[in-house]
Structures are given as structure tokens and as C-alpha cells.
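Start at 1 and go down the list; that is how both ligands and their atoms are numbered.
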Amino acid sequence: MKKSIGSILILCTIFLFGWVSVHSQEEMEVVDNSVFDQPRRTSSLFMHDDHNESAGIEECHVCHHVYEDGELLEDESSEDSSCSECHEIDASGDMPGLMMAYHLNCKGCHLKEKKGPVLCGECHHK
Ligand code: HEC
Ligand code: HEC
Ligand code: HEC
Ligand code: HEC
């Protein structure tokens with residue numbers, strides 16, 4: 001009896017750890033805007049996993065990219081870093097500033113695919 005309670009506890013712990021590690025992006029509903037000093041808009045809607053599933057995006061590096069000497073590395077992904085760890089508020093050289101990085105990535109694809117919101121209020125909801 002004791003033994004089986006022990007193994008159930010161990011299983012629960014393993015399950016909980018697994019859940020916590022995928023929890024954050026699965027539960028994500030908006031893009032956090034707290035890195036902007038005084039956000040002028042509401043944070044943008046973005047249900048991370050649902051969005052990527054319905055948009056049919058399979059590769060993480062479509063958004064979480066890695067560049068080396070200006071070249072996109074196809075097999076690498078930077079999903080452990082937030083966009084703001086590389087993109088500063090202000091642009092420098094070929095590196096778009098943070099707001100531009102989001103707009104080019106998000107709106108850029110929506111425009112290209114003629115699907116997904118492109119108007120301010122559709123992303124920055126009231
Ligand atoms: C359409 C763009 C897009 C795609 C595709 C995408 N992500 Fe993300 N992901 C984001 C954005 C935007 C954020 C928020 C980044 C930030 O706050 O700087 C994010 C955040 C995350 C986070 C951090 C969660 C948190 O709460 O801090 C993880 C982990 C993550 N993504 C994993 C993945 C994995 C794994 C894949 C591929 C299966 C993937 N992402 C595909 C856009 C994307
Ligand atoms: C590991 C660092 C790093 C992270 C993290 C990163 N970027 Fe970038 N990004 C770069 C670099 C470097 C360039 C400039 C590439 C060049 O030299 O043209 C760039 C360019 C861009 C561009 C313009 C070129 C293109 O690929 O369309 C967009 C848009 C962009 N990033 C959006 C994002 C978004 C959105 C996120 C977060 C989901 C993000 N980036 C995370 C390093 C990063
Ligand atoms: C590579 C293409 C691509 C990128 C990058 C992309 N999207 Fe989308 N997005 C789509 C497509 C396609 C749809 C329409 C999906 C559908 O019709 O079900 C969509 C739909 C949406 C919707 C409507 C509701 C939903 O979840 O389906 C929102 C909101 C949205 N995108 C926000 C964003 C934000 C914010 C970003 C940047 C962090 C982003 N998207 C990046 C392709 C993209
Ligand atoms: C496809 C979705 C999308 C659309 C459409 C869009 N944005 Fe954004 N925008 C974002 C994301 C994602 C961010 C990053 C932080 C966040 O969640 O607000 C952002 C950031 C910003 C920021 C910097 C943060 C702040 O609140 O000060 C401003 C300003 C902004 N957007 C204004 C606009 C305006 C004006 C329009 C219409 C011309 C627009 N956006 C259209 C997704 C979008």
C-alpha cells in the first residue's frame with residue numbers, strides 16, 4: 001500500500017514538472033508589453049499554441065529565429081529567449097527595433113498570407 005502511494009506521488013511530480021515546463025506558451029493569450037516603458041496600446045492578442053495550430057505554422061524559427069552574420073540559420077531556434085533579449089527598443093543597423101520586429105513579423109505574415117488581423121484594434125484589443 002505505502003509503495004503504491006509513493007509511486008503515485010512520483011508520477012504526479014513528473015507530470016507536474018512536465019506540465020509546468022510547457023505551461024507558459026500554451027497558456028499565453030497576449031504578447032507581454034511590459035518591456036515597453038509606457039505602452040501606448042493594450043497588449044496584442046496572441047493565443048500562442050492555438051494561433052500556430054490554426055495558422056498551420058510548424059517551425060518555431062519562423063518567429064524564434066537565430067541569425068549569424070546576417071544569415072538566417074534554418075535549423076536553429078531561439079524559443080528560450082524573448083524577442084526583447086535581442087531586439088532593443090530602438091533599431092540599430094539591420095536590426096529592427098522591438099515594435100517594428102513585432103509588426104514586421106506578425107502583420108508581415110498576415111499581409112503576405114492575406115489571413116489574420118492587420119488593423120490596429122484587431123490585435124490591440126480594447
Ligand atoms: C507566430 C510566431 C511564433 C511561433 C511560430 C512560435 N512562437 Fe513561441 N512565442 C512567440 C512570441 C511572440 C512569444 C513572446 C515573446 C516575448 O515575450 O518576447 C513567444 C514565447 C514563447 C515561449 C516563452 C513563453 C513565456 O511565457 O515566456 C516559449 C517557450 C515558446 N514561445 C516556444 C515556442 C515553440 C517551442 C515553438 C514551436 C513549436 C514556438 N514557440 C513557435 C511567437 C511564436
Ligand atoms: C537571438 C537573437 C534574436 C531573437 C531572440 C529574436 N531576433 Fe529578430 N532578429 C535578430 C537579428 C540579428 C536580426 C537581423 C538580421 C539581419 O541582419 O538582417 C533580426 C531580424 C528580425 C526581423 C527582420 C528580418 C526578418 O526576419 O523578418 C524581424 C521581423 C524580427 N527579427 C522579429 C523578431 C521577433 C518577433 C522575435 C521574437 C519572437 C525575434 N525577432 C527574436 C535576432 C533575434
Ligand atoms: C507565418 C505567418 C504568421 C505569423 C508570423 C503570425 N501570424 Fe497571426 N495569423 C496567421 C494566420 C494564417 C492567421 C489566420 C488563422 C486562421 O484563419 O485560422 C492568423 C491569425 C491571427 C489572429 C486571429 C486570431 C487567431 O489566433 O487565429 C491574431 C490575433 C494573430 N494572428 C496575431 C498574431 C501576432 C500577435 C503575431 C506576432 C507575434 C502573429 N499573429 C504572427 C499567420 C501568422
Ligand atoms: C498583427 C497584430 C498587430 C497589429 C495589426 C498591430 N500591432 Fe502593434 N504590436 C503588436 C505586438 C505583438 C506588439 C508587441 C507588444 C504588445 O503586445 O503590444 C505591438 C506593439 C506596438 C506598440 C509598442 C508598444 C506600445 O503599446 O506602446 C505600438 C505603439 C503599437 N504596436 C501600435 C500599433 C498601431 C498604431 C497599429 C495599427 C497601425 C498596430 N500596432 C497594429 C501587434 C500588432
Atom 8 (Fe) of ligand 3 reached by His51 (N, O or S, under 2.8 Å): yes
Where ligand 2 meets Cys86 - atom numbers and elements under 4.0 angstrom, heavy-atom basis: 1 (C), 2 (C), 3 (C), 4 (C), 5 (C), 42 (C), 43 (C)
NE2 on His64 to CD on Glu59, rounded to 0.5 Å: 12.5 Å
Contact check: Ser78 vs ligand 2, nitrogen or oxygen atoms, below 3.5 angstrom: no
Sub-3.5 Å N/O-N/O distance, His65 and ligand 2: yes
Under 3.5 Å: N/O of Tyr67 near N/O of ligand 2: yes
Closest to atom 32 (C) of ligand 2 among Ser82, Cys63, Pro96, Ala101 (heavy-atom distance): Ala101
Atom name of the N, O or S atom in His87 that lies nearest to atom 8 (Fe) of ligand 2: NE2
Atoms of ligand 3, numbered as shown, that sit under 4.0 Å from any heavy atom of Cys109: 1 (C), 2 (C), 3 (C), 4 (C), 5 (C), 42 (C), 43 (C)
N, O or S atom of His124 closer to atom 8 (Fe) of ligand 4 than 2.8 Å: yes
Contacting atoms of ligand 4, where contact means under 4.0 angstrom from a heavy atom of His110: 1 (C)
Proximity to ligand 3 by part of Ile57, non-hydrogen separation under 4.0 Å: side chain
Identity of the nearest option to atom 6 (C) of ligand 4, non-hydrogen atoms only, from Arg41, Met100, His103: His103
Interfacing atoms of ligand 2 (cut-off 4.0 Å, heavy-atom, Leu104): 29 (C)
Ligand 3 atoms in contact with Val62 (distance to a heavy atom under 4.0 Å): 1 (C)
Atom 11 (C) of ligand 3: nearest protein contact (heavy atom, Å): Ala55 CB, 3.5 Å
Atom pair CG (Asn105) and NE2 (His87), whose distance is rounded to the nearest 0.5 Å: 8.5 Å
Atoms of ligand 4, numbered as shown, that sit under 4.0 Å from any heavy atom of Asn33: 15 (C), 16 (C), 18 (O)
Ser44, any N or O under 3.5 Å of ligand 4 N or O: yes
For Gly70, atoms of ligand 2 separated by under 4.0 Å from a heavy atom: 17 (O)
Heavy atom of the protein closest to atom 5 (C) of ligand 3 (residue, atom name, distance): Asn105 O, 3.5 Å
Contact check, Glu85 vs ligand 2, heavy-atom distance below 4.0 Å: no
Sub-3.5 Å N/O-N/O distance, Val118 and ligand 4: no
Nearest-contact summary for atom 17 (O) of ligand 3 - protein heavy atom, Å: Lys115 CD, 4.0 Å
Heavy-atom protein neighbour under 4.0 angstrom from atom 24 (C) of ligand 3: no
Closest protein heavy atom to atom 41 (C) of ligand 3, given as residue, atom name and distance to 0.1 Å: Cys106 CA, 3.5 Å
Ligand 4 contact by Thr42, heavy-atom criterion under 4.0 angstrom: yes
Nearest-neighbour protein heavy atom for atom 22 (C) of ligand 3, which is reported as residue plus atom name and distance: Pro117 CD, 3.2 Å
Check: Ser43 N/O within less than 3.5 Å of ligand 4 N/O: no
